[in-house]
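Take a look at the structure below.
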2 protein chains.
Amino acid sequence: MVRIADVAAHAGVSTATVSRVLNGVKVRSDLENRVRLAVAELDYAPNRTARSLRRQLSDVIALIIPDVENPFFTSVARGVEDVARAAGLSVVLCNADDDVAKERLYLAVAEHENMAGVILAPAGDAAPDLSRLIRRDRAVVVIDRAVGEDVDQVVFDNYSLGRRAAEGLIARGHRDIACITGPRTTPTAVERATGWRDALEEAGLSSSRLVYANFRVDGGRSAMADLLAAQTPPEAVLATNNLVGVGVLQVLAGRSGPNVDVGIIGDLPFATSDVDEVFHLSLQPREMGVTAARLLVDRIHGSAAAPETKVLLGAP
Amino acid sequence: MVRIADVAAHAGVSTATVSRVLNGVKVRSDLENRVRLAVAELDYAPNRTARSLRRQLSDVIALIIPDVENPFFTSVARGVEDVARAAGLSVVLCNADDDVAKERLYLAVAEHENMAGVILAPAGDAAPDLSRLIRRDRAVVVIDRAVGEDVDQVVFDNYSLGRRAAEGLIARGHRDIACITGPRTTPTAVERATGWRDALEEAGLSSSRLVYANFRVDGGRSAMADLLAAQTPPEAVLATNNLVGVGVLQVLAGRSGPNVDVGIIGDLPFATSDVDEVFHLSLQPREMGVTAARLLVDRIHGSAAAPETKVLLGAP
DNA sequence: TTGTATGCGTTATCAC
DNA sequence: GTGATAACGCATACAA
């Protein structure tokens, strides 16, 4: 391994001078040239472990997501990466696998690896413990689920999303509109369902057909199967996230019978059917990633502004 | 921050003893108890940056994939994570975004962060430069695309996959079977297409309908559109990867006309249609991740066996 | 077996 | 503006 001392010897300067050149501190230009030449000749790259030990900070940020197999979160990741890279930061993606214990582990890793910051999409329904990171002045941004006011957040206006989706289905002339949402303990699921309910009630329609399912494909499948098993299937059904929507469409595709209209909050990048007829609200997940990363980069660069919660509306 | 010295003072022992306890080295049991108590009371966790600087090795492995939005690679990631976690290693997922420059960057990061190992799914068509990592005795496993014999690899038998998929379509009674594969410069795409061609020729069928597309959804879409624009559409079409298959199904879904049978090499976790009719070869991507991670963990634990190439067949 | 002391490679503080 | 050197927190060679 070639170290900074090797470069210094090769260039005939001290390690301090090499370090200054590498970190953009002003140095006499002839010395700088010698250093740059030596760096190139020796193919030197700083040892980032040593650097972060000394600086008490690395140039890596963690993006902790609950499900790496959910296209929503991978799109968020793309947004985060693009912004972070432009700011000279590397992103490491951590998959908490819907497990708060794994999430805690990754938060601890981020802390002890001296990572510059963390973007967290919480896995569980309870607020994660960010106090250790915050106490150590690490930048933190929470996305997707609000956890409180003392940290930067990027969330959707879930109530509005539920409302707009329901209104879209009402505008199509439906009167019997069901909703499949996530668990009662998941605030985003409940908020979206509340928006759906209010829209229906304001239109004088019944909001009795609300199903709480798990927020994954199989949840959407079994909930939709239940709805179809009812005496009269609904005219339309709203799926409040992308995976549930996939499950709903799968069940409807394998079936004949009266048509059921579908509304989905979320995106379907891998749809294998013609989904033009689906009433679809794009969440623009990449924007969530971009917004969160910008917030985080500002914090890392030392912004001392009060914590901020950005509310995203999804596609118009 | 609480350091090892704080724990030592609190327990009335030396830092060396604390370090020994934490690293499983035998220590007098009453001292060990005092250390463990102090660790618990102070909520001490070792600084991993300092540890990896000292050990010249961290307990993190990198999984570098070309496209975090491709469900194939996220499933691979799940397999890697499960095995790595069981071995006490953290996985950081790096998205090269189909860009060999980003891939090189992540390889450099893995090197300079002293990561214990790297699992790489190469992005480009040229073999990546792994010599620096190998020279520094880092564990490396290459997956999906073979790059040579001097490193552990996990790949599919792509020729056999193409052949079996084509044979499946032939067995359904088709005689005019097209194939949409990836770029000519991508060996996996060419190998699968070659299997398809040989199966057709052995059956006395024409293998003239071969289309090279990009290996993504839009590639599948435009290639399928081209095939449909021909004087007579094919009776069946083989898509040689999952994304191309999605594109093919999308085009067919939005269309009336003579039925076109579909074969796909790969998995469709987010299909929104009834895909039971599709002739489908599962690649079992999770198995690829598990296999690669086991190989890597063995290397990290010091295996000096000759580099090995594991060939996966996909689902029977 | 336990403790002391050194070094991992870098950056930052100090004196020049 | 430059160089010598002391940390950063930990693991280990060596001494006891």
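Remark: A:Asp67 does not engage A:Arg216 in a salt bridge, criterion side-chain N to carboxylate O under 4.0 Å. Using a cutoff of 4.0 Å between basic side-chain nitrogens and carboxylate oxygens, B:Lys310 and B:Asp152 are not scored as salt-bridged.
Side-chain contact between B:Arg85 and B:Val91 is absent, with no heavy-atom pair separated by less than 4.5 Å.
Judged by distance alone, with hydrogens and angles left aside, the side-chain atoms of B:Arg51 form no donor-acceptor pair with the main-chain N or O of B:Pro46 at under 3.5 Å. Not one N or O on the side chain of B:Glu103 forms a donor-acceptor pair closer than 3.5 Å with the backbone of B:Pro66.
Remark: P of C:dT2 and CZ of B:Arg28 are 5 Å apart, rounded to the nearest angstrom.
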*For nucleotides 8-16 of chain D, just jot down a letter per nucleotide in 5' to 3' order: B, S or -, based on protein non-hydrogen atoms under 4.0 Å.*
BBBBBB---

